[in-house]
Amino acid sequence: MVALTPSERLERVAVGAAIPDERGAEQFTSLMADVLKDYSAFLEFSHRNKTEIGAEFDENFPVWRVNSYDFGRKFAEALTILGQSGGPLDGLYRIILI
């Protein structure tokens, strides 16, 4: 896991999660897809030149704040589902939490 990029780690968790509850599994899959999409968009943004990043951030700060809170909410919801799953990765929730 240490040798993987953050995106690869998220993908591995998304694929490796064994959520027994069908509704929870669907919700987890949807949330993780959103998290990966949002993280990818952030990485694309962060690879621009510093001037462009500063201008975009200053111009759209309220949007970036809302998006960052939304990202955190989705990630937290996905981890909560994972932590309550009783599956092989439920310990990941505790490791991250503590």
Side-chain angles (χ1 to χ4, degrees):
M1 214 30 131
V2 175
L4 301 175
T5 67
S7 294
E8 290 169 335
R9 290 179 197 146
L10 288 172
E11 289 168 357
R12 178 91 43 103
V13 168
V15 170
I19 313 291
D21 169 39
E22 187 176 330
R23 184 171 178 263
E26 290 174 3
Q27 186 178 12
F28 178 80
T29 300
S30 175
L31 287 165
M32 288 303 291
D34 285 350
V35 165
L36 282 162
K37 180 182 64 95
D38 293 349
Y39 186 62
S40 179
F42 171 76
L43 288 177
E44 285 181 32
F45 172 73
S46 67
H47 283 88
R48 296 180 189 175
N49 70 56
K50 288 184 180 184
T51 305
E52 198 176 333
I53 290 171
E56 168 74 23
F57 188 77
D58 290 343
E59 188 175 314
N60 294 305
F61 177 74
V63 173
W64 281 100
R65 182 178 44 207
V66 168
N67 289 347
S68 70
Y69 289 163
D70 191 45
F71 172 83
R73 181 193 54 76
K74 288 185 249 185
F75 201 15
E77 283 182 40
L79 288 174
T80 299
I81 293 168
L82 187 65
Q84 296 172 348
S85 70
L89 293 176
D90 69 343
L92 180 61
Y93 175 76
R94 288 187 303 279
I95 290 170
I96 292 171
L97 183 65
I98 295 169

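Count residues from 1 along the sequence.
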Mark yes or no for whether Ser40, through its side chain, and Lys37, through its backbone, hold a donor-acceptor pair below 3.5 Å. no
Side-chain donor-acceptor contacts of residues 69-88 below 3.5 Å, not counting sequence neighbours, with atom names and distances?
| from | atom 1 | to | atom 2 | distance (Å) |
| --- | --- | --- | --- | --- |
| Asp70 | OD1 | Arg73 | NE | 3.4 |
| Asp70 | OD1 | Arg73 | NH2 | 2.7 |
| Asp70 | OD2 | Lys74 | NZ | 3.2 |
| Arg73 | NH1 | Glu77 | OE2 | 2.5 |
| Lys74 | NZ | Asp38 | OD2 | 2.8 |
| Thr80 | OG1 | Ala76 | O | 2.9 |
| Ser85 | OG | Leu82 | O | 2.7 |
| Ser85 | OG | Gly87 | N | 3.0 |

Among residues at least two apart in sequence or on other chains, which ones pass ring pair (Phe, Tyr, Trp, His ring centres under 6.0 Å) with Phe45? Trp64
Counting C-beta onward and ignoring hydrogens, is there a side-chain heavy-atom pair between Leu43 and Ser7 closer than 4.5 Å? yes
Which residue pairs pass the side chain to side chain donor-acceptor pair (under 3.5 Å) test when at least one of the two sits in residues 20-35, sequence neighbours left out? none
Which residue pairs satisfy the ring-ring contact (aromatic ring centres under 6.0 Å, His included) criterion with at least one member in residues 9-42, sequence neighbours excluded? none
Show the atom names and distances, to 0.1 Å, of all donor-acceptor pairs under 3.5 Å that link a side chain in residues 50-61 to residues at least two apart or in another chain.
| from | atom 1 | to | atom 2 | distance (Å) |
| --- | --- | --- | --- | --- |
| Glu56 | OE2 | Asn60 | ND2 | 2.9 |

